[in-house]
Amino acid sequence: MASPLFVRNDMLPPLPPPAGERGVVKWLRENLFSSVLNSVLTLLACLAVLWLASFILPWLAHSVWNASSLAECREKIAASFGPEAAGPCWAVIRLRWNQFLFGLYPQAEYWRPTTAAALMMVSLSPVLYYGLRRPALNITVTMTVLLVLALIGLGTDWGHIVLSVAIMLALMAVAATAPKRLLWLTLLFPFIAFFLIWGGPIWTAVGTLAGFVIFALVWQFVQKPLGVVVGAGVGLVVAAIWWTSLQSSVTGVLAAALPWGLPYVVSDNIGGFLLAFVIGITAISASLPIGVLLALGRRSDMPLIHSLSVGFIEFFRGVPLITVLFAANFLLLYFLPPRTNFDLILRVIIVVIIFASAYIAEVIRGGLAALPRGQYEAADALGLDYWQAQRLIIMPQALKISIPGIVSSFIGLFKDTTLVALVGLMDPLQGVTKIVRSDNAWKGLYWEPYIFVGGIFFLVCFSMSRYSMYLERKLKTDHR
Amino acid sequence: MAEASKKMVVSDEVAIQITAMNKWYGQFHVLRDINMTVQRGERIVICGPSGSGKSTLIRCINRLEEHQSGQIIVDGTELTNDIKNIDKVRSEVGMVFQHFNLFPHLTILENCTLAPIWVRKVPRKEAEETAMHYLTKVKIPDQAHKYPGQLSGGQQQRVAIARSLCMKPRIMLFDEPTSALDPEMIKEVLDTMIQLAEEGMTMLCVTHEMGFAQAVANRVIFMDKGQIVEQNEPREFFNNPQSERTKLFLSQILGH
């Protein structure tokens, strides 16, 4: 028998893989033609795509952009492509785009929501790209250029263009020097947007903001001796007292002394994508922190907080959004003090936030459950208290795990904003389209508005999805 | 390694005092009438079969586990439900886990500076200097800006030790620090622990590394079924075990 002895004297250097295992050839073979069945499926799929394209592409090629009515549109298509040809009539979008965007918002005030939209993108930049100068600056510059073009296109008077551009230039300076400071704009943005879109005296927005400042101050003051939860509770009560009984008289006096403000726009006139964005963005940004608190509450050892969170989450996940919207429309007013005339859009926003935060809470709870116990123990063993451990150790990891679920919820939420049509608000899909299609000139029109609205929804949702993938890549530190 | 223990002095000051301590998991009586005193500067190795309660015992010392009766006094502070006392003890007692439990979303340096900055309120710059000092001590200063996932197990465990040391603890607890490591990495972690022992740190180690016990421990505690079965100074413990249970355990772990 031979000796089993083997000794390697030279270690082997690494070699490149053989030619067939590289590049396009390898990719095609592995992904498209790995077996007879897969090759057949690849060919069939190609045929199916071609077949679909053979219908859609000619239809799109017959597009008409200039016409004043559907009949004129049809005539144009028949004249150019023969009597049997069908094609889309985009002229309706060309003529009615402003209603799709703003609903029945007064034309002279279009600059307000447009400026609010530009400010929104800038105020999102420190959230989406915290502390990164390049994206903050890119977004601010792009938004300034787009805003100027949009305002000129909308026929805004020069005074307001100059004012808007001055604000944007100031923000550009902040983005260039201290991009983290833009976070202040993010905090103030809800109030700025509220003031710009609804108008009225500026003191309403300032007074509402003052309520939040009061909340923060009381909380800071009370949490030292009594703890975070009690502090937040007391703060909320004091702020509620301010909002319900003091604010209106104080702001009334201020408004009488300094009558600064913008013309008031009633909620009935706010519609289209403006409405979808107002509801969607507010609900998205408010439901995340509330969802985090609910998820923590559900995992809490304190029976009261635990059962309240469970009850809240299970109730609002259990009822359809439409039910909650109807409740907002009819019921919510019964629970508020008499004579408070609470705006319908505001009521809808509140219930959508509540509804969305129940879903977000469960998604985040999934992320919390996926964290190994050792992370909690290590945080405890280092002496971090509960809120420090949650903020510094647990939540950053749990939220990272939950990104796909959170973004799915957000996308669903944004699309659900179209349901507000059912309580009489003018959403872009149902409300505006109905108005457009009931016009005599466009009776019988079907695909075009829906394709247009669907296309914009797709763009927004797809951007959210791409952003979430960017975020996942950026936060990937486990290197597995 | 054998002569290392001679340099280390034990003071009369009491670091940990455990009196008549009992703990149950539901119906299961996991720790039974534990009494022990740890002097400052002592290096104690706790060993025993799995399920004997040794990990639970040291996890009670920083209240990762709650005891139901008896008394635990750490550095003059009694562990009760009072959160202030618990946080005080935890910031004085460092702990190293079997699975390292580094924070994967933070760099090595951030792992080490987090607790000093937020718990001790040390300025960031000072915390970073301290962190680099201890990372140098565990011989991985060049990895400071990497993430835990990029390091080997042995390196991660040394970071975990450095992270605990950054809080300048007076007592260190080790819960099977080498059990999850490859043989080649065990030595680098043990060397770090031996170095720490030589500097006079009060240490409680749950470990099966009997070589480490013989080199640095001044006392070995053997546990079984939730009780302290035998304790002695290492040479006597290994050469002249008294109880039958200890003899059986030692024959099984040293026999091959």
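A note on names: the letters A, B, ... follow the listed sequences, proteins ahead of strands, and every chain is numbered from 1.
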Side chain, backbone, both or neither of [X] within contact of chain A (heavy atoms, under 4.5 Å):
X	result
B/L173	neither
B/V96	neither
B/R120	neither
B/F97	side chain
B/H105	both

State whether the number of non-hydrogen atoms from other residues, nucleotides or ligands found under 6.0 Å of [X] atom [atom1] is greater than 12.
X	atom1	answer
A/F462	CZ	no
A/W184	CH2	no
A/K180	NZ	no
B/I83	CD1	no
B/Y25	OH	yes
A/R391	CZ	yes
B/Q68	CD	yes

Donor-acceptor under 3.5 Å (A/Q388 side chain, B/W118 main chain):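 Checked: pair present.
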Side-chain donor or acceptor of A/E377 paired with backbone N/O of B/R59 under 3.5 Å: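 Judged by distance alone, no pair lies under 3.5 Å.
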B/R90 side, atom CZ; A/L382 side, atom CG - distance, nearest 0.5 Å: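 It is 10.5 Å, given to the nearest 0.5 Å.
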Closest approach of A/L384 to B/D87 (non-hydrogen atoms, all atoms of both residues):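 That would be O-OD1, 4.3 Å.
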Closest contact, heavy atoms only, B/F103 versus A/A378: CE2-CB, 3.8 Å
Option among B/I117, B/L106, B/L114 that satisfies the side-chain contact (heavy atoms from CB on, under 4.5 Å) test with A/L392: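 Single side-chain contact (heavy atoms from CB on, under 4.5 Å) partner of A/L392 among B/I117, B/L106, B/L114: B/L114.
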Side-chain heavy atoms of B/P104 within contact of A/Q375, under 4.5 Å: yes
